[in-house]
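Working notes, beginning with the structure itself.
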Amino acid sequence: MIPSLGRILILASLLVAAAGSLLGFVTGRTLSADGLKWARRFAYFYAALIILATLVMEYALLTHDFSVSYVAQVGSRLVPTWVTVVSLWSSLEGSILFWGFVLGSYILIATLFTKDRYQEYMPDAIGTWLGCATFFSFLIAGPANPFRTMSPIPADGPGPNPLLQNHLLMAIHPPFLYLGYVGMTIPFGFACAALIKGRLGHAILKPLRESLLLPWCFQSIAIMLGGWWAYEVLGWGGYWAWDPVENASLLPWLTATGALHSLLVVERRGILKGWTVTLVQSTFLLVLLGTFMTRSGVFNSVHSFTQSAIGPTILVFLAAMLIYTIALLALRIDKLEAEGRIESTASREAFFLLNNLVFVLLTFTVLIGTCFPLIVEAVRGKQMSVGRPYFDRMVVPLGTALLFLMGVGPALPWGRASKEQIRKSLLMPIITAGIFAVVGYIANVRHPWTLITIALGGYAIHVTFNQMFVPMIQRLRKGESAVTAFVEGQLLRGRRRFGSYVVHAAMIVVLVAIAVSSSMRQTAEVHLTKGQTQKVAGYDLTFTGIEDHQEPHRVSTIARFILARNGKQLAILEPRMNQYETMREPIGSPDVYTTIAGDFYVSIAALDPVSNSVAVNVYVTPMVGWIWIAVIVMGLGGVMALIPPRTPRAATANVGDSVAAETA
Amino acid sequence: MNRTVVIVGSLIAFALVGVLFIGLGKNPAEIRSPLVGRPAPAFALREVGTGRTIDIAQFRGKPVIINFWATWCGPCWEEHPTLVANARQLGDNVQFVGVVFQDAEEKIQGFLNQRGTAYPTLVDQEGKTAIAYGVGGVPETYFLDRNGVIRAKYVGPMDSEILRANLTKATN
């Protein structure tokens, strides 16, 4: 019953999406008002069907309806309810259905928000969105069908992959990633529509920017959550391993970040149009590449789903989308005429261009590093892996360059800067850079790249704060009270600008924290028997014993430690080994004591209950926690920049500062 | 028509899709052993239960399947019935040998008593044999042809289909 209902809904969504897509593209040629109205209806209808299908699956999971193949595959009566809810995206078929759900929701919202607007672009945009939707509905209906009927119906299932049950972060990392990944379909649609029309007019920039910024916020947080999860669960004390699938999530983020910046240049100067559209489209193509990477089994990674037949299907879609994009660009890019040109190298737009080049270089660096093992195997038949050293050597200088650009770019005016302006805006921050470097040196930082990063971070943060509060300072000079100046200048009128600089400030913190935490980590391997204490990096670690803890779906063996410093107890640490019934080997769960300065991280290497002894790996890493917090601030800054500034009641009021206040 | 876009775009697209296409169908977990195609490292180890020493060289003349395992390894439990069933079916045509490492002899004996066996199980006390074969984790299985040359290696638990497919490489 449920399997058939699910299949019917999916098949209907496939038909509706295909018809709507066709109608959209046809209407793009005829521009009939009725056609657009119907294309919108198809978009709503598609969204309703796919969302309903997902709810049906969620219902089947919650009611343990093992006649549904996906429930039989990942469901279990033993696991807690939250695990059951999130099992929707714990395995291949369900995750594709969830993809459809997110895509449906995005299409629904995008269609609702563009009602009665952007008439010229909407038919082709809807056509593109529903075209992508058609593909994913096809995947769900065919190669990755989660609604197959089980016969005989099993009494219970194995539950989802224990790695996913092991931590709550796993419940939220995938949805954020999907909200980022899938959301990139919407700006892709707008970009394609602009190309089809051969026009990237001012009107379309707003929806393009907003539809890119929203998934960008989610993607930023998703990448961080993934790193955080790896750090909290995998037990090797790090948060980023240049794993192919981590790279896959980073690639579209890089191009999207580049596009968000070049869009500003389009908005202000009317240049870089073709380039911007290319970046937006590349973002979506890289999303598809990432999907292929996780779903094809070609890359070895913690994220890989088992080998499956959908790999080739996604590859065909990726190839089709590549051809579509290249054809559109080749035919239409020359029509997107520049309305001006870069006048001076010492201008903000020139630095935006540099920033874009760095983002593209980063993208290629990571992409090549990720695919290189495949190339080598194809050409020379040898297996190899590209490890940390390559990525570190390539990415560290580029990351530092970004930090430099983040410091200099915003300090320069649009158009052309006078020597006086340049001197004034670039000299002062050097003092802050010097102070930061000295503080870093006193705090024992000796690694040259790390010191450079800290100094550049100081420079960039000075410029960022300077720029961030320009509207407020202007208002204060006019004699407004501090509160009004802040609320009006920063939060209401200048929200977009303020939000952007909040993102910058957070990003600076992230880059510095990454540099410090990766170059200054101390590690130790410690063997202790019950009651013993050992000194590690200035802390006293005492092992107080082993304890078993029984839960319905797992047995945990907990090793208990007291962490103290200078005779004062700081925390009780309980790293554990979780043994799941369905899993061969136990999964470790490290424990972390976090402070502003850094983390004390304990992960079990070996346990011996007979002799009451334990071997643990200890990692003492400075500034890790800053990364998580800064990325959340980054996401919030992005959302702040997304909420449209309140239109002033009197349009003529404060015309003078509105330019400075509303654009960064 | 913008030629630059066509040329640069097609180059990137072809390279990317081409590489990904070649990558399809390959299992990245399958690690090729440098030992494949070379004579299997020699070893003589004590058999569990009987205590007699068995030299791998004595099985020359028929294909040999060497299965590295341990009682603390869940996938090995899963795989055990497959090995025993195939060993019984293939009888004298193929020699199965189990090599246990990082394990206690009484545990192995208990495991075999409970789950049955059909071929000799040897104890690799110091793990030297496992190191010589480059065993990265258990279970791992090596397929030797009748001349004692390694023809295939499989990482992870096998089902009958995988076992027979790899065995063919050693019998041809």
Side-chain angles (χ1 to χ4, degrees), chain A residues 244 274 278 281-282 285-286 288-289 292-293 296-301 304 306-307 309 311-312 314-316 318-336 364 367-368 370-379 381-383 385 579-586, chain B residues 1-37 68-80 102-104 106-107 111 134 136-140 153 155-159 161-162:
Chain A
T278 312
Q281 291 182 314
S282 310
L285 293 170
L286 288 168
L288 290 181
L289 175 71
F292 173 80
M293 283 180 171
S296 62
V298 166
F299 294 87
N300 204 6
S301 148
S304 310
T306 40
Q307 277 191 304
I314 296 180
L315 189 57
V316 169
L318 173 62
M321 283 293 121
L322 271 165
I323 293 168
Y324 176 59
T325 308
I326 293 168
L328 272 183
L329 282 171
L331 291 170
R332 295 294 156 87
I333 198 166
D334 296 329
K335 292 205 166 185
L336 306 178
F364 272 105
L367 183 62
I368 289 171
T370 312
C371 292
F372 197 66
L374 286 180
I375 301 171
V376 170
E377 199 179 348
V379 178
K382 270 192 185 159
Q383 283 177 320
S385 74
Q579 181 73 57
Y580 289 85
E581 218 171 68
T582 50
M583 191 77 174
R584 294 121 190 196
E585 293 187 27
Chain B
M1 172 88 73
N2 184 316
R3 288 240 175 96
T4 324
V5 171
V6 176
I7 294 166
V8 176
S10 316
L11 273 179
I12 295 177
F14 271 114
L16 190 64
V17 174
V19 164
L20 296 179
F21 181 76
I22 293 168
L24 272 179
K26 285 199 180 118
N27 182 358
E30 206 172 278
I31 295 153
R32 263 178 260 134
S33 166
L35 288 178
V36 171
F68 287 89
W69 67 284
T71 59
W72 45 262
C73 137
C76 303
W77 295 26
E78 241 175 68
E79 185 186 44
H80 189 73
Q102 290 181 11
D103 216 333
E106 65 275 9
K107 279 192 193 160
F111 180 95
V138 277
E140 257 185 47
K153 169 187 178 178
V155 181
M158 302 180 293
D159 56 25
E161 205 178 313
I162 297 172

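In what follows, chains are A, B, ... by sequence order, proteins preceding strands, each numbered from 1.
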Practice task
Identify the heavy atoms of B/Leu16 and A/Cys371 that sit nearest to each other, and give their distance.
Solution key: CD1-SG, 4.3 Å
Handout entry: Heavy-atom donor-acceptor pair, B/Glu140 side chain to B/Phe68 backbone, under 3.5 Å
Key = no
Exercise for the section: Could you have a look at A/Leu322, A/Leu318, A/Leu315 and say which one has the most heavy-atom pairs with chain B under 4.5 angstrom? Expected result: A/Leu315
Completion exercise
Applying a strict 4.5 Å limit to non-hydrogen atoms, the region of A/Ile323 in contact with chain B is neither
Handout entry: Nearest heavy atoms of B/Pro139 and B/Pro157, plus distance in Å
Key = CG-N, 3.6 Å
Exercise for the section: Tell me, for A/Leu329 versus chain B, whether the close heavy atoms (under 4.5 Å) come from the side chain, the backbone, both or neither. Expected result: both
Fill in the blank from the handout: Highest number of heavy-atom pairs under 4.5 Å with chain B among A/Leu331, A/Asp334, A/Leu289 belongs to A/Asp334
Problem - Smallest separation among heavy atoms of A/Ala330 and B/Val6, with atom names - result: CB-CG2, 3.4 Å
